[in-house]
Amino acid sequence: MSTTASDPLATLGSLPGVPDAVDSVRKAVDRVYGHRVMRRRSNEVTAEAALRGSRGSAALAGADWNLEEVRRRTDFSGEDEARTVGAALRLTAEAGQLLSIWRQSPLRVLARLHLVAAGGAAPEDAVGRPRLAGESVDEPLIEAPLPGADEVAGRLEGLSQLIIAGTAAPALVTAAVVHGELLALRPFGSHNGLVARTAERIVLIGSGLDPKSICPAEVGHAEQGRAAYVAAFEGYTTGTPEGVAAWIAHCGRSVELGVRESTAVCEALQRGAA
């Protein structure tokens, strides 16, 4: 983040193109929340959005499974892809339980998310804490320069203080910055992408934009593709207004695609096909 105003997240909301992205997302979310199926069957839509969001996040982490395989599978141990899908499912299930803690202690939530994602697969002394100097990071999708441990600690603390203090920034902007910062920092030895996308989900839910968690941005990130995801993220890492705005717009488009997915679920439920 390159701004230094008292509310730097709020200033990002005025970057060129960002107000339009925010408005487009809000209209899309309002439309799906207004669907007649949401009046009586919102829990079913939420459950389906969780499944599809988990699948999308896992796909970006290298486990691009068919939705029906994710739905059918019960054992997520064994090969690397199965463990990745299992981690994504666990994180999505955990996200809704951490909303109140997030507002008070974001770092505690991030530690919990990494613990849940690792699921015993990482060394016990490396789980749930930021990496130390000299420790490696397993995050093959993101090739940006890796910040040192001291920089990670400082930027995490800064991000935490911004969240605790509150911001006038739109939910989309805050969610995109949280997501982008965690990808840039890769604070843990593993599962950083999964954790970053779950943190984005927590912000979107907790902000009130998507309180029932039916607009899975992870679906949209996956649908736009890994190359587009990385390119947009690289724009964020430049710290330029144009690069940051492009990343926020990319995240906005991802939410809109998640809305489209859940709208299709609503239509299927209305027809009795789901």
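These numbers were taken from a predicted model, which means no experiment stands behind them.
With hydrogens and angles disregarded, no donor-acceptor distance shorter than 3.5 Å links the side chain of Arg197 to the backbone of Glu218. Under a 3.5 Å cut-off, the side chain of Ser24 and the backbone N or O of Ala21 do not form any donor-acceptor pair. Here the side chain of Arg131 pairs a donor or acceptor atom with the backbone of Arg186 at under 3.5 angstrom.
Note on Arg31 versus Glu256: no salt bridge recorded, every NZ/NE/NH1/NH2 to OD/OE distance being 4.0 Å or above.
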Ignoring hydrogens and angles, write down the donor-acceptor pairs under 3.5 Å from the side chains of residues 207-214, residues two or more places apart or on other chains.
from   : atom 1 : to     : atom 2 : distance (Å)
Ser207 : OG     : Val203 : O      : 3.0
Ser207 : OG     : Leu204 : O      : 3.0
Ser207 : OG     : Leu209 : N      : 3.2
Asp210 : OD1    : Tyr33  : OH     : 2.6
Asp210 : OD1    : Ser213 : N      : 3.3
Asp210 : OD1    : Ile214 : N      : 2.9
Asp210 : OD2    : Ile214 : N      : 3.2
Asp210 : OD2    : Cys215 : N      : 3.0
Ser213 : OG     : Arg201 : NH1    : 2.5

Counting only pairs under 3.5 Å, give me each side-chain donor-acceptor contact of residues 93-103, with atom names and distances, residues two or more places apart or in other chains.
from   : atom 1 : to     : atom 2 : distance (Å)
Glu94  : OE2    : Arg112 : NE     : 2.8
Glu94  : OE2    : Arg112 : NH2    : 3.3
Arg103 : NH2    : Gly206 : O      : 3.3

Report all side-chain donor-acceptor pairs from residues 141-149 shorter than 3.5 Å, counting only partners two or more places apart or in another chain.
none

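Taking a 4.5 Å side-chain heavy-atom cut-off between Ile, Leu, Val, Met, Phe, Trp and Tyr, the cluster of Leu51 extends to Trp65, Leu67, Val70, Phe76, Val85, Leu89. Counting side-chain heavy-atom gaps under 4.5 Å among Ile, Leu, Val, Met, Phe, Trp and Tyr, Ile164 is found in no cluster with other residues.
The stretch residues 132-142 participates, sequence neighbours left out, in these side chain to side chain donor-acceptor pair (under 3.5 Å) pairs: Arg129-Glu135. Here salt bridge (charged side-chain N to carboxylate O under 4.0 Å, His left out) pairs that include residues 56-65, with residues two or more places apart or in two chains, are Arg55-Asp64. Listed by first and then second residue, the salt bridge (charged side-chain N to carboxylate O under 4.0 Å, His left out) pairs that reach into residues 19-29 are Asp23-Lys27, Arg26-Asp30, sequence neighbours excluded.
Remark: of the listed residues Glu79, Glu81, Glu68, Glu79 is the sole one forming a salt bridge (Lys or Arg N to Asp or Glu O under 4.0 Å) with Arg73.
The minimum heavy-atom distance between Val127 and Ala118, with the atom names listed, is CG2-CB, 4.1 Å. In terms of heavy-atom proximity, Pro106 sits nearest to Ser160 at CD-OG, 3.6 Å.
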Problem set entry | Residue pair Thr263, Val259: steps toward the side chain to side chain contact (heavy atoms under 4.5 Å, CB included) verdict | CA-CA 6 Å; Thr263 301; Val259 167; 3.9 Å; yes
For this session: Before giving the answer on side chain to side chain contact (heavy atoms under 4.5 Å, CB included), spell out for Thr198 and Ser57 the whole-Å C-alpha distance, their side-chain angles and the decisive distance to 0.1 Å.
Result: CA-CA 9 Å; Thr198 305; Ser57 192; 5.6 Å; no
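One finds the NE2 atom of His191 at 12.0 Å from the CG atom of Leu113 (value rounded to the nearest 0.5 Å).
Every residue was checked against the side-chain contact (heavy atoms from CB on, under 4.5 Å) condition with Ala47, not counting sequence neighbours, and none meets it. Residues passing the salt bridge (Lys or Arg N to Asp or Glu O under 4.0 Å) test with Glu261 are Arg52, sequence neighbours excluded. In terms of the side chain to side chain donor-acceptor pair (under 3.5 Å) criterion, residue partners of Arg72 (sequence neighbours excluded) are, by chain and number, Glu69. Under the rule for a side chain to side chain donor-acceptor pair (under 3.5 Å), Ser262 has no partner lying at least two apart in sequence or in another chain.
Between His179 and Tyr229, the ring planes are tilted. Angles from 30° to 60° get that label. Ring geometry for His114 against Phe188 counts as parallel: the plane angle stays under 30°, on a 0 to 90° scale with 60° as the upper cut.
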